[in-house]
S.K.: 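Structure in structure tokens, see below.
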Amino acid sequence: MSRTSLSYLFLFALFCMGPLAVIFAVSVTEARALTFPPQGFSFRWFVEIFSDEAWFTALRNSVLIALSAATLATFLALPISYYAWRHGLRFAKALAALGVLPFLLPPVILSLGLLLLFTSLTWHGYFINGVLAHTIYLIALPIVIVSLGLESIERSVLEAGSTLGADDAKVFRTIVVPLTVPFVITAFAFCIVLSLNEYIIMLMTVGFTYETLPIKIFNALRYGYSPVLASVAVMFTLLNIAVFGAVAVFSDLPKLLGATER
Amino acid sequence: MASAIRAHVSAVVLLAVPTMVVVLLSVVPIFFVFSDSLGGTANEGVGLANYERFTTSIFAKQTWFSITLAALVSIVSVGLVAPFTYLLTGLPKTWQSLWLIYLLAQISLSEVLIAFAWQILLSNTTGITQVFIWSGLMTSTSSLTPSFGAVVVALTYLSVPFAVLVLYPSFSRLDRRVVEAARTLGASSVRAFMTIVLPMMTKPIMTALMTLFILNLGAIIVPQILGRPRHWTLAVHITDQALFQFNTAFASALAIILLILSAAMLVFLRRYGQTASR
Amino acid sequence: MSGLRISAVSKSFGQFAALRDIDLDFDSGELVTFLGPSGCGKTTLLRIVSGLETADTGQIVLKGEDVTYRPTHLRNIGMVFQSLAMFPHLTVAENIAYGLRLRGMSREKSKKRVGDLLELVQLPGIENNSVSTLSGGQKQRVAIARALALEPDLFLLDEPMSALDANLRDDMQIELRKLQQSLGVTTIVVTHDQTEAMTLSDTIVVLGNTCVQQVGSPIEIYKMPKNRFVAEFVGAGNFLLGVLADRSTVTVGGESFRIGSAAPDVSVGASVTVLCRPEELVVVQGDETVLPNSLPAKVTFIRDIGHTVEILLDLKGQELLSIMAPRDCPDVRVGQDVNVRFPPEHCRAMLA
């Protein structure tokens, strides 16, 4: 690789990782106020996420919503993807397209709509509001990822199953399911990560009664700087890397993202 | 025949719940937004009052600002990302995977945290200003935020990984021998990229531009944290009207305008862009 | 005993007719190839036999039983797919044992059977390999073992060699033929490769233009093609146009040509094509007196590849090819005028 190319890659990496590197440095600084260069070294701000009740509650709320919404989104998406693929049902295909739409549009539109819907039902700031809002926002991911997984199964592999004596149910159980499970898990992981990090939908639908971590961070930011913010940022970055790293080990990430074998 | 009917019945049963959920949570809310946008705060009855207010207020100006901002950020991001993606897809697969893991992690990182990171980076006590002073580029400390530049930089930072993911499939399919052919014909690597790769990638690049445009049209957090009120986008005003001015009707009208803008872009994208499917 | 009977089978996809009125009957234990160009319907016919497609009309009778509407998984067939269709999530042993385990065979018994099958396809000891690590040839053998595991009544192979390189393909063809003969299983191979068909088959079915063009043994198909389509698809040929004067004479450009045979559906007075295979066409030095059944031509190219000499000739604008053994080849040069002789016993007339 030429020197121009390497320098470009380096500068690009600097732009992407620089801000996070600064946050890393700040998160392990001893002092409460921002200083440059950083002074002292300590993990106390990480401990505070778990020991401070407000931060821990926000974390717990986020995790509960992420787990529930990711589970719901994944299970609701499975039949849609399956019927669109196996039977080519036009209805399922239309439903898949509709399900992907909320993810493509600016989330503020749908969250306003959901806010109006929940208000009209007099559901004010319930936990379930957040779960449902994230479910509809995230359902695009399992629909797309699981469909990708299903489409990567060659038709002839299914036909081979039936020539060897498997009826439709057995083909489903012994071939389709094992080949799709990695994609289902991947989709689930994507949902968890995106839900944990999502701010605006949560703010609009449950924000005033149910503080998730991103909302708590935003509010904290308005009242000035706190090093806990940096430690939360670091924690989330590491968590995201860990999840996507696991996905990469588990499946072929370049292929999942659309690269072809070369 | 019997099995076909059975398959049909199970399809109806298994698709019933997802259909209900998707319709209830996507179609119905949008309908609510639409019908609310026609109402008024003080029950003025059904009408276009909110839209009239839109055209005669600063909100029209802020909408135009949102569009310009989104366009600017999209162009800057794709400009940065196109060469990067080309280089990325030429790397060994392990390196590609590592980069993709990182970019996915960055993409998913809460917008709030990214705004926070840039706030620190651009503040007067830490980050870039200190580096600038140290290197003699600046003489006294001053904060670079809030400012329009800060908003653009942070939104670019948010957009960059998206652009990579949109361009990645097409670039990875690019036959690199065409570049080698250009090199044997006397083109430098930069020139080969500009004259061969970019023209071949027009469609994916347009797709990336349009995708990023929609993404940035919905930007909410960065303009609030790193910008001044005059840098507020349409999306910020929607939340502000709905949550803090308690004017959901006007917020709905603004949301419908945002919806029309994004939907128009989506239609454009479907027509002229590249579908993600292989 | 009849191993497989296909009667009056037709199939179309929308407006597009894939097969029209196919009638075939094969003996038990026979190896049959469906040979034809792409799009001739050969794969569709195989898929109808396997039950993966259903015929619009007609009947499939397997070992005396009507299986036309029987779903694939109840037909007791073994099939090797063009893509080989390995189950990517299973090991070699699990792939082969898939059908056995579905039928409830015990773990130990199926393990023994898998071992035997791998022995049979000459790949012992790779039970626990992942299928993604296998080479093309190995995958091929595993696919064959998997298809044979259930001792099928019918063994079907769809373009089985297409993924292999040329050398390996030759070896596999011979091996497959030996294996099939030792097992005595009724087998259908779909191919577009005439050498493959000639190597493998008891019977070749030439399919073209949605119909059966000819059914016969390899040598019949080669020597006695029924029509020009078959003659052109199976091997190279030199063709002369004429009119059938009687069953052993064709008039070509006013001159009488003697022929060895004529296709049964040709009647006297019809326009016909006369076929002479390149290896039968004889090039004679031009200065000799004109012989019967020969025409003057000019040498345009000579390709001497050691074991044969190929001579390209120009006959009034038409290109002819003669393939001769080096010892029979006259000493000719490019540009030379020669005579080309069509030996009567190797000339066959068929409909144009």
Side-chain angles (χ1 to χ4, degrees), chain A residues 78 81-82 85-90 145-188 246-262, chain C residues 43 46-53 70-91 94-105 110 117 131-132 139 142-160 162-163 188:
Chain A
L78 288 179
S81 299
Y82 180 75
W85 168 72
R86 184 75 209 252
H87 302 284
L89 281 189
R90 214 171 289 169
I145 294 172
V146 174
S147 297
L148 262 179
L150 289 168
E151 274 153 26
S152 72
I153 303 175
E154 273 180 65
R155 293 266 156 178
S156 65
V157 167
L158 305 178
E159 291 174 352
S162 50
T163 63
L164 292 167
D167 59 19
D168 280 357
K170 282 181 187 143
V171 166
F172 179 75
R173 196 162 46 77
T174 58
I175 301 171
V176 178
V177 170
L179 286 174
T180 321
V181 160
F183 290 88
V184 175
I185 294 174
T186 302
F188 185 78
V247 167
V249 172
F250 211 53
S251 62
D252 185 342
L253 200 52
K255 208 173 138 198
L256 189 70
L257 295 175
T260 43
E261 303 280 344
R262 255 213 297 253
Chain C
T43 295
L46 188 80
R47 290 170 64 83
I48 289 172
V49 170
S50 70
L52 294 170
E53 301 279 357
R70 189 179 291 179
T72 304
H73 67 277
L74 302 175
R75 285 195 187 191
N76 196 29
I77 51 172
M79 183 155 169
V80 175
F81 290 79
Q82 181 167 15
S83 66
L84 302 180
M86 294 279 102
F87 302 134
H89 57 303
L90 302 180
T91 63
E94 287 166 340
N95 260 280
I96 298 172
Y98 181 85
L100 303 171
R101 301 286 294 154
L102 279 182
R103 307 244 162 133
M105 187 185 271
S110 74
L117 284 159
V131 286
S132 59
K139 266 189 200 157
V142 172
I144 290 172
R146 184 178 73 176
L148 291 173
L150 292 167
E151 295 174 347
D153 294 331
L154 195 57
F155 184 28
L156 308 173
L157 301 97
D158 185 7
E159 303 266 6
S162 57
I188 302 176

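Sequence lines set the chain letters: A, B, ... in the order given, protein chains first and strands last, and positions in each chain run from 1.
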S.K.: Check the angle between the aromatic planes of C:Y98 and C:F87 and answer parallel, tilted or perpendicular using the 30° and 60° thresholds.
M.R.: tilted
S.K.: Is C:E94 close to C:R101 at the side-chain level, that is, under 4.5 Å between some pair of heavy atoms?
M.R.: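 Side chain of C:R101 against side chain of C:E94, heavy atoms only: no contact under 4.5 Å found.
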S.K.: What distance do A:D168 atom CG and A:L158 atom CG have between them, rounded to the nearest 0.5 Å?
M.R.: 9.5 Å
S.K.: Is C:T72 reaching over with its side chain to a backbone N or O of C:G51, donor-acceptor style, under 3.5 angstrom?
M.R.: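 It does hold such a pair.
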S.K.: Could you please state which residues from residues 174-181 of chain A sit under 4.5 angstrom from chain C, measuring non-hydrogen atom to non-hydrogen atom, sorted by number, or 'none'?
M.R.: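 Hits under 4.5 Å: A:T174, A:I175, A:P178, A:L179.
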S.K.: By a 4.5 Å heavy-atom criterion (distance strictly below it), what part of C:R103 contacts chain A: side chain, backbone, both, or neither?
M.R.: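 When you check distances to chain A, only side chain atoms of C:R103 fall under 4.5 Å.
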S.K.: Kindly indicate whether the side chain of C:F155, heavy atoms from C-beta on, has any atom under 4.5 Å from the side chain of C:I144.
M.R.: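 They are in side-chain contact.
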S.K.: Could you please state which residues from residues 78-85 of chain C sit under 4.5 angstrom from chain A, measuring non-hydrogen atom to non-hydrogen atom, sorted by number, or 'none'?
M.R.: C:M79, C:F81, C:S83, C:A85
S.K.: Counting heavy-atom pairs under 4.5 Å with chain C, which one of A:E154, A:E159, A:K170 comes out on top?
M.R.: A:E159
S.K.: Looking at A:V146, A:V184, A:L148, which hits side chain to side chain contact (heavy atoms under 4.5 Å, CB included) with A:S81?
M.R.: A:V146
S.K.: Rounded to the nearest 0.5 Å, how far does CD1 of A:I145 lie from OG of A:S147?
M.R.: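 The CD1 atom of A:I145 is 10.0 Å from OG of A:S147, to the nearest 0.5 Å.
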S.K.: Do you know which of C:S50, C:P88, C:P152, C:P71 has the most heavy-atom pairs with chain A at a distance under 4.5 angstrom?
M.R.: C:P88
S.K.: How close do C:H73 and A:D167 get, counting heavy atoms only, and between which atoms?
M.R.: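 Closest approach of C:H73 to A:D167: NE2-CB, 3.3 Å.
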S.K.: Please examine the side chains of C:L157 and C:I188, heavy atoms only from C-beta on, and report whether any two atoms are closer than 4.5 Å.
M.R.: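 They are not in side-chain contact.
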S.K.: Is there side-chain contact between C:L150 and C:N76, with heavy atoms separated by less than 4.5 Å?
M.R.: yes
S.K.: Supply the atom-to-atom distance A:T163 OG1 to C:L154 CG, rounded to the nearest 0.5 angstrom.
M.R.: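 So the OG1 of A:T163 and the CG of C:L154 are separated by 11.5 Å.
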